[in-house]
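Everything numeric in this text was worked out from a predicted model, so none of it was measured. Chain letters run A, B, ... following the sequence lines, proteins first and then strands; every chain starts at 1.
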Number of protein chains: 2
Amino acid sequence: MLSQKTKYALKALLYLAQQDINHISKTTDIAESANIPKKFLEQILLDLKRGHLVGSKQGKLGGYYLLKSGNEITLADIHRLFDGAIALLPCASLNFYERCSDCKNESECLLRHGLMTIRDETLKAMQGITIASLVKK
Amino acid sequence: MLSQKTKYALKALLYLAQQDINHISKTTDIAESANIPKKFLEQILLDLKRGHLVGSKQGKLGGYYLLKSGNEITLADIHRLFDGAIALLPCASLNFYERCSDCKNESECLLRHGLMTIRDETLKAMQGITIASLVKK
DNA sequence: TGTAAATTCTATAAAAATAGTAGAGTTAAA
DNA sequence: TTTAACTCTACTATTTTTATAGAATTTACA
């Protein structure tokens with residue numbers, strides 16, 4: 001399941017994608033429209049900025065805007081940025097690989113291969129969902 | 001990501017699936033072989049029993065055994081039993097449906113449809129992975 | 001130059017979920 | 001009757017999640 005944070009991030013990105021190009025959105029407006037606690041959203045937008053998905057303008061008349069077009073931002077990107085690995089175990093992850101602490105012999109692990117199959121299929125599906133594709137529906 | 005509990009459950013089921021038919025396995029043996037804390041495993045096996053995946057025999061010479069054949073137990077079943085919904089949000093779930101608390105109008109939610117697509121694909125992939133298929137590799 | 005309104009940064013805190021541990025009770029074989 | 005297994009309930013420590021608070025910084029504009 002997605003965390004609240006990831007869900008809010010998606011909703012914020014969907015909001016931004018629906019604005020006119022070059023429009024700069026205030027946190028307050030995103031928060032009200034998407035029903036997200038404002039102070040929490042501030043953090044999330046900063047995370048999105050650090051992830052290079054949105055840009056910001058400071059000061060009065062400042063706010064946030066998309067850095068990439070909607071079809072360049074996939075669900076997989078956002079999941080990885082906030083919730084981390086897409087694989088079901090760290091040992092089966094491409095971007096967040098880690099050995100299982102309880103694993104006696106990774107190369108003989110019966111679980112790992114199956115979970116890598118799932119990862120490949122889930123990843124493909126998640127890369128097929130973009131902010132643009134969600135807006136279109 | 002799977003919780004430790006789900007991972008342990010999978011490892012325990014894999015262990016059981018590799019025993020001779022009619023063999024009854026002691027918690028201690030499963031714990032040692034799969035490197036799972038014994039007392040934690042006890043709880044997990046009880047959960048698996050309540051989920052009708054394993055049966056048990058009490059008393060001396062007692063233990064656990066599979067109730068279903070390995071190809072009848074899918075990763076989706078186990079995920080649902082321990083980690084709950086397969087969908088990425090409760091509003092997109094088949095078995096664990098719940099309204100999002102922050103949702104203003106579910107029928108107009110741009111996220112939901114995309115997440116249902118992911119759910120269908122992930123579910124299909126997870127139903128394709130069974131205890132038997134994992135043991136075969 | 002001052003004020004208003006926005007982002008930015010760091011710290012804190014409450015609640016929930018996770019990952020176990022402890023120990024008493026029950027069952028059944030020998 | 002003893003032993004060795006499962007069963008059940010409660011508890012606890014840690015981590016993660018979900019925020020909230022408030023001060024600092026930046027910029028537009030009068």
Side-chain angles (χ1 to χ4, degrees), chain A residues 1-12 16 23-32 34-51 53-65 67 79 81-85 88-90 96 98 100-102, chain B residues 1-12 16 23-32 34-67 79 81-85 88-90 96 98 100-102:
Chain A
M1 296 268 286
L2 300 181
S3 63
Q4 284 282 99
K5 204 167 182 179
T6 306
K7 181 174 67 175
Y8 289 159
L10 283 163
K11 288 170 75 174
L16 293 178
H23 178 73
I24 290 187
S25 302
K26 291 185 292 182
T27 305
T28 301
D29 293 341
I30 305 172
E32 277 176 16
N35 215 18
I36 303 170
K38 192 195 164 193
K39 286 300 259 178
F40 198 19
L41 179 59
E42 286 180 5
Q43 288 188 1
I44 292 165
L45 288 167
L46 283 173
D47 287 338
L48 285 170
K49 191 188 172 185
R50 293 186 193 108
L53 298 182
V54 306
S56 70
K57 185 177 182 308
Q58 285 203 131
K60 197 168 179 176
L61 306 191
Y64 291 92
Y65 51 91
L67 271 187
H79 189 282
L81 188 57
F82 290 96
D83 282 343
L88 291 173
L89 286 183
F96 296 85
E98 220 172 308
C100 286
S101 57
D102 58 306
Chain B
M1 298 269 286
L2 300 181
S3 62
Q4 284 282 98
K5 204 169 182 176
T6 306
K7 180 176 66 175
Y8 289 158
L10 283 164
K11 286 170 76 175
L16 293 178
H23 179 75
I24 291 186
S25 303
K26 291 186 290 182
T27 304
T28 301
D29 292 341
I30 305 173
E32 278 177 16
N35 214 19
I36 303 170
K38 191 193 165 193
K39 286 300 260 179
F40 198 18
L41 180 58
E42 285 179 6
Q43 287 187 0
I44 292 165
L45 288 166
L46 283 173
D47 287 337
L48 286 171
K49 191 187 172 184
R50 292 186 194 109
H52 309 293
L53 298 182
V54 305
S56 69
K57 184 173 182 312
Q58 285 203 131
K60 198 168 180 176
L61 306 192
Y64 291 93
Y65 50 90
L66 286 186
L67 271 186
H79 190 281
L81 187 57
F82 290 95
D83 282 343
L88 290 173
L89 287 183
F96 295 85
E98 218 171 309
C100 286
S101 57
D102 59 306

For this session: For DNA chain C, determine which residues of residues 3-12 of chain B have any heavy atom closer than 4.0 angstrom to one of its atoms, and list them numerically.
Result: B/Ser3, B/Gln4, B/Lys5, B/Tyr8

For this session: Measure the distance from CZ on B/Phe82 to C1' on C/dA19 and round it to the nearest whole Å.
Result: 14 Å

Exercise. Separation of A/His23 atom NE2 from C/dA6 atom C1', in whole Å?
Worked result: 13 Å

For this session: Looking only at non-hydrogen atoms, find the nearest pair between B/Lys26 and B/Gly62 and report the distance.
Result: CG-O, 3.9 Å

For this session: Starting from the C-alpha separation in whole Å, work towards a yes-or-no answer on side-chain contact (heavy atoms from CB on, under 4.5 Å) for A/Asp47 and A/Arg50.
Result: CA-CA 5 Å; A/Asp47 287 338; A/Arg50 293 186 193 108; 3.2 Å; yes

Exercise. Within this structure, what is the CG-to-P distance between B/Leu2 and C/dT18, rounded to whole angstrom?
Worked result: 12 Å

For this session: Summarise protein proximity over nucleotides 2-11 of chain D in one line of letters, 5' to 3': B for base, S for sugar-phosphate only, - for none, counting protein heavy atoms closer than 4.0 Å.
Result: -BBBSBB-B-

For this session: Please check if the side chain of A/Asp83 supplies one atom and the backbone of A/Ser3 the other of a donor-acceptor pair under 3.5 Å.
Result: yes

Exercise. Given atom OH of A/Tyr65 and atom P of C/dA6, what is their separation to the nearest angstrom?
Worked result: 17 Å

For this session: Using atom CD1 of B/Ile36 as one end and atom P of C/dT21 as the other, report the distance to the nearest whole Å.
Result: 13 Å

Problem set entry | Shortest non-hydrogen contact between B/Lys11 and B/Ala34, atoms and distance | NZ-O, 2.8 Å

For this session: Quickly work out the A/Met1 CE to D/dT16 P distance and round it to whole Å.
Result: 19 Å

For this session: Determine the minimum heavy-atom distance between A/Lys60 and A/Lys57, stating which atoms define it.
Result: O-NZ, 4.4 Å

For this session: Carefully, step by step, assess B/Leu61 and B/Ile24 under the rule side-chain contact (heavy atoms from CB on, under 4.5 Å).
Result: CA-CA 8 Å; B/Leu61 306 192; B/Ile24 291 186; over 6 Å; no

Problem set entry | Audit row: A/Leu48, A/Phe82, side-chain contact (heavy atoms from CB on, under 4.5 Å) steps and yes/no | CA-CA 9 Å; A/Leu48 285 170; A/Phe82 290 96; 3.6 Å; yes

For this session: Using whole Å, report how far CZ of B/Phe40 lies from P of D/dT12.
Result: 18 Å

Problem set entry | Closest non-hydrogen atom pair, A/Ala85 against A/His79 | O-CE1, 3.2 Å

